[in-house]
Amino acid sequence: MSKILIGCDPEIFVKQGGSFVSAHGLIPGDKKNPHKVSKGAVQVDGMALEFNIDPADCEAQFVENVNTVLATLKAMVPQYELAPVPVADFPLEYIESQPAEARELGCDPDFCAYREGPNPRPDNKLPMRTASGHVHIGWTDFQDIHTAMADAKSKAAAKQLDIVLGLPSMFYDEDTRRRSMYGKGGCYRRKVYGMEYRTLSNAWLLTDERKAWVFRNAKKAMDMLFAGEALFMQAKGFDIEAIINNSDKAQAEKLIKRFNLEMVS
């Protein structure tokens with residue numbers, strides 16, 4: 001097994017004069033052609049901004065990469081405020097006035113680790129947009145993402161990360177509206193280098209403590225999984241997907257205590 005590398009591609013809203021505004025056209029870069037910057041890349045994603053980082057193999061590097069790209073992004077839009085919040089409310093008529101590429105949601109399908117087939121596309125007619133804090137896990141130089149083995153590994157990783165990251169995240173991220181569109185339990189995509197865990201919102205961007213927590217516990221979860229300790233197999237009787245989707249903190253707390261999981265405020 002190769003060294004585990006961890007990256008991310010969070011989305012972030014922008015404000016002007018205290019109100020959310022569309023980020024469409026504010027910076028170079030898009031999904032197909034991200035704009036390279038030091039320690040990562042930036043782009044427009046719908047009505048939000050998005051950035052990714054160079055993959056990190058230690059906690060300090062992960063936090064440094066995130067903060068370096070965030071600082072660059074902020075400098076690129078000096079007349080705007082970056083708003084790392086899970087949901088931004090926009091008037092529906094404002095959304096409808098945006099170009100088609102800004103209104104589009106869910107261009108590529110994602111999947112649920114607890115069931116077969118792609119997740120349904122989100123409703124782009126709602127007067128809101130959501131922002132995620134996806135975590136990318138790399139453990140191989142290349143895998144064919146269309147194989148059953150790649151899918152099985154991605155599903156196992158998503159279930160493991162649901163327990164170590166997803167459940168505790170409910171206690172620092174109070175938002176529940178985002179999960180009506182995105183970020184349900186077990187949400188993932190297969191990648192040639194491993195997988196993308198798509199359940200977390202961008203709320204972990206708010207403090208360096210949370211950023212370090214994401215790396216540390218993603219790494220811990222994967223180390224345990226590769227060592228044969230699949231926590232989701234030890235959680236029989238608990239519907240992890242439903243606990244996350246319903247923000248059921250009482251049930252989440254039982255598992256957090258059972259597995260002595262690290263929390264962050």
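Only this structure's heavy atoms are used, side chains among them; waters, hydrogens and symmetry mates stay out.
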J.: Between atom CD1 of Ile163 and atom CE of Met224, what is the distance when rounded to the nearest 0.5 Å?
T.: 9.0 Å
J.: If I take atom CG from residue Asp248 and atom CG from residue Leu255, how far apart are they, to the nearest 0.5 angstrom?
T.: 10.0 Å
J.: Considering all heavy atoms of both residues, which atom of Ile12 and which atom of Ala131 are nearest to each other, and what is their separation?
T.: N-CB, 4.5 Å
J.: Go through it in stages, so that I can follow the logic: the residues are Ile27 and Leu73, the test is side chain to side chain contact (heavy atoms under 4.5 Å, CB included), and I'd like the CA-CA distance, side-chain angles, deciding distance and then a yes or no.
T.: CA-CA 9 Å; Ile27 64 171; Leu73 189 59; 3.8 Å; yes
J.: Indicate yes or no: does Glu81 engage Lys74 in a salt bridge with an N to O separation below 4.0 Å.
T.: no
J.: Please confirm whether the backbone N or O of Gly185 pairs with a side-chain atom of Asn245, one donor and one acceptor, at under 3.5 Å?
T.: yes
J.: Would you call the rings of Tyr188 and Phe111 parallel, tilted or perpendicular, taking 30° and 60° as the class edges?
T.: tilted
J.: Output the distance between atom CG (Leu200) and atom OG (Ser169), rounded to the nearest 0.5 Å.
T.: 5.0 Å
J.: Could you measure the distance from the CZ atom of Phe51 to the SG atom of Cys8? Nearest 0.5 Å is fine.
T.: 5.0 Å
J.: Within the 4.5 Å heavy-atom criterion, are Asp162 and Tyr197 side-chain neighbours or not?
T.: yes
J.: Less than 4.5 Å apart, any side-chain heavy atom of Met195 and any of Lys153?
T.: no
J.: I need the minimum non-hydrogen distance between Pro55 and Gln61, along with the two atoms involved.
T.: O-OE1, 4.1 Å
J.: Is there a donor-acceptor contact under 3.5 Å from the side chain of Arg190 to the main chain of Ile145?
T.: yes
J.: So how far is it from Lys249 NZ to Ile256 CD1, rounded to the nearest 0.5 Å?
T.: 10.0 Å
J.: Of all heavy-atom pairs between Tyr172 and Ser265, which one has the smallest distance, and what is that distance?
T.: CB-C, 4.0 Å
J.: How close do Leu205 and Glu11 get, counting heavy atoms only, and between which atoms?
T.: CD1-O, 4.5 Å
J.: Checking Gln160 side chain against Ala156 main chain: does a donor-acceptor pair fall under 3.5 Å?
T.: no
J.: Checking the side chain of Glu196 only, and the main-chain atoms of Asp9 only, is there a donor and an acceptor separated by less than 3.5 Å?
T.: no
J.: Check the pair Glu96, Arg103 against salt bridge (charged side-chain N to carboxylate O under 4.0 Å, His left out), reporting the backbone distance first and the verdict last.
T.: CA-CA 7 Å; Glu96 292 174 343; Arg103 299 195 306 270; over 6 Å; no
J.: Stepwise, does the side chain to side chain contact (heavy atoms under 4.5 Å, CB included) test hold for Gln43 with Leu49?
T.: CA-CA 6 Å; Gln43 65 193 52; Leu49 300 177; over 6 Å; no
J.: Test of understanding: clusters of I, L, V, M, F, W, Y form through side-chain heavy atoms closer than 4.5 Å, transitively. Do Leu5 and Leu165 belong to the same one?
T.: no
J.: Please confirm whether Trp139 and Phe226 have ring centers closer than 6.0 angstrom.
T.: yes
J.: Under the 3.5 angstrom rule, does the side chain of Thr207 hit a backbone N or O of Arg210 as a donor-acceptor pair?
T.: yes
J.: I'd like to know whether Lys155 forms a salt bridge (charged side-chain N to carboxylate O under 4.0 Å, His left out) with Glu116, so could you lay out the CA-CA distance, the side-chain angles of the two residues, the decisive distance to 0.1 Å, and finally the verdict.
T.: CA-CA 10 Å; Lys155 284 181 175 177; Glu116 298 301 321; 2.6 Å; yes
J.: Other residues, nucleotides and ligands only: do more than 12 of their heavy atoms fall within 6.0 Å of CE on Met233?
T.: no
J.: Applying a strict under-4.5 Å side-chain criterion to I, L, V, M, F, W and Y, I'd like to know whether Val63 and Leu70 cluster together.
T.: no
J.: Hey, does the side chain of Asn202 reach the backbone of Pro10 with a donor-acceptor pair shorter than 3.5 angstrom?
T.: no
J.: Less than 4.0 Å between a side-chain N and a carboxylate O, is that true for Asp89 and Arg177?
T.: yes
J.: Output yes when a side-chain donor or acceptor of Arg179 lies under 3.5 Å from a complementary backbone atom of Asn246, and no otherwise.
T.: no
J.: Evaluate the ring planes of Tyr193 and His136, with Trp represented by its six-membered ring, and classify them as parallel (under 30°), tilted (30 to 60°) or perpendicular (over 60°).
T.: tilted
J.: Would you kindly say whether Glu262 and Asn217 are connected by a side-chain donor-acceptor distance under 3.5 Å?
T.: yes
J.: Check whether any side-chain N or O of Ser154 sits under 3.5 Å from a backbone N or O of Asp151 as a donor-acceptor pair, and report yes or no.
T.: no
J.: Within the 4.5 Å heavy-atom criterion, are Ile240 and Ile244 side-chain neighbours or not?
T.: yes
J.: Taking the side chain as C-beta and beyond, is there a heavy-atom pair between Val44 and Asp30 under 4.5 Å?
T.: no
J.: I need the minimum non-hydrogen distance between Tyr80 and Leu26, along with the two atoms involved.
T.: OH-CD2, 3.6 Å
J.: Same cluster or not: Trp213 versus Met263, using hydrophobic residues (I, L, V, M, F, W, Y) connected whenever any side-chain heavy atoms lie under 4.5 Å apart?
T.: yes
J.: Taking atom OG of Ser132 and atom CE of Met181, what is their separation to the nearest 0.5 Å?
T.: 9.5 Å
J.: Could you tell me if the side chain of Lys211 sits less than 4.5 Å from the side chain of Asn67, heavy atoms only?
T.: yes
J.: How far apart are the closest heavy atoms of Asp173 and Pro86, and which atoms are they?
T.: OD1-CG, 3.8 Å
J.: Check the pair Arg198, Asp110 against salt bridge (charged side-chain N to carboxylate O under 4.0 Å, His left out), reporting the backbone distance first and the verdict last.
T.: CA-CA 8 Å; Arg198 295 172 56 82; Asp110 56 21; 2.9 Å; yes
J.: Above 12 or not: heavy atoms from other molecules or residues under 6.0 Å from CD of Glu174?
T.: yes
J.: Does some side-chain heavy atom of Met76 sit less than 4.5 Å from a side-chain heavy atom of Val42?
T.: yes
J.: Please assess Asn119 against Lys184 for the test side chain to side chain contact (heavy atoms under 4.5 Å, CB included), listing each intermediate value before the final yes or no.
T.: CA-CA 10 Å; Asn119 288 322; Lys184 297 182 183 297; over 6 Å; no
J.: Tell me whether the count of non-hydrogen atoms from other residues, nucleotides or ligands lying under 6.0 Å of NZ in Lys191 goes above 12.
T.: yes
J.: Tell me whether Arg189 contacts the main-chain N or O of Pro109 through its side chain, where contact means a donor paired with an acceptor under 3.5 Å.
T.: yes
J.: Classify the ring geometry of Phe62 against Phe215: parallel below 30°, tilted from 30° to 60°, perpendicular beyond 60°.
T.: tilted
J.: Do the non-hydrogen side-chain atoms of Met128 and Phe90 ever get within less than 4.5 Å of each other?
T.: no
J.: Using modelled atom types and a 3.5 Å cut-off, is there a donor and acceptor pairing between side-chain atoms of Ser22 and backbone atoms of His24?
T.: yes
J.: Decide whether a cation-pi geometry holds between Lys254 and Phe238; the criteria are a distance under 6.0 Å from NZ or CZ to the six-membered ring centre and an angle within 45° of the ring axis.
T.: no
J.: Should His134 and Tyr182 count as side-chain neighbours, where that means a heavy-atom distance under 4.5 Å?
T.: no
J.: Assess the residue pair Leu225 and Phe232 against the criterion (side chain to side chain contact (heavy atoms under 4.5 Å, CB included)); give the C-alpha distance rounded to whole Å, side-chain angles, the decisive distance to 0.1 Å, and a yes or no.
T.: CA-CA 10 Å; Leu225 185 60; Phe232 56 89; 4.0 Å; yes
J.: As a test of understanding, state which of Glu104, Glu101, Glu50 forms a salt bridge (charged side-chain N to carboxylate O under 4.0 Å, His left out) with Lys31.
T.: Glu50
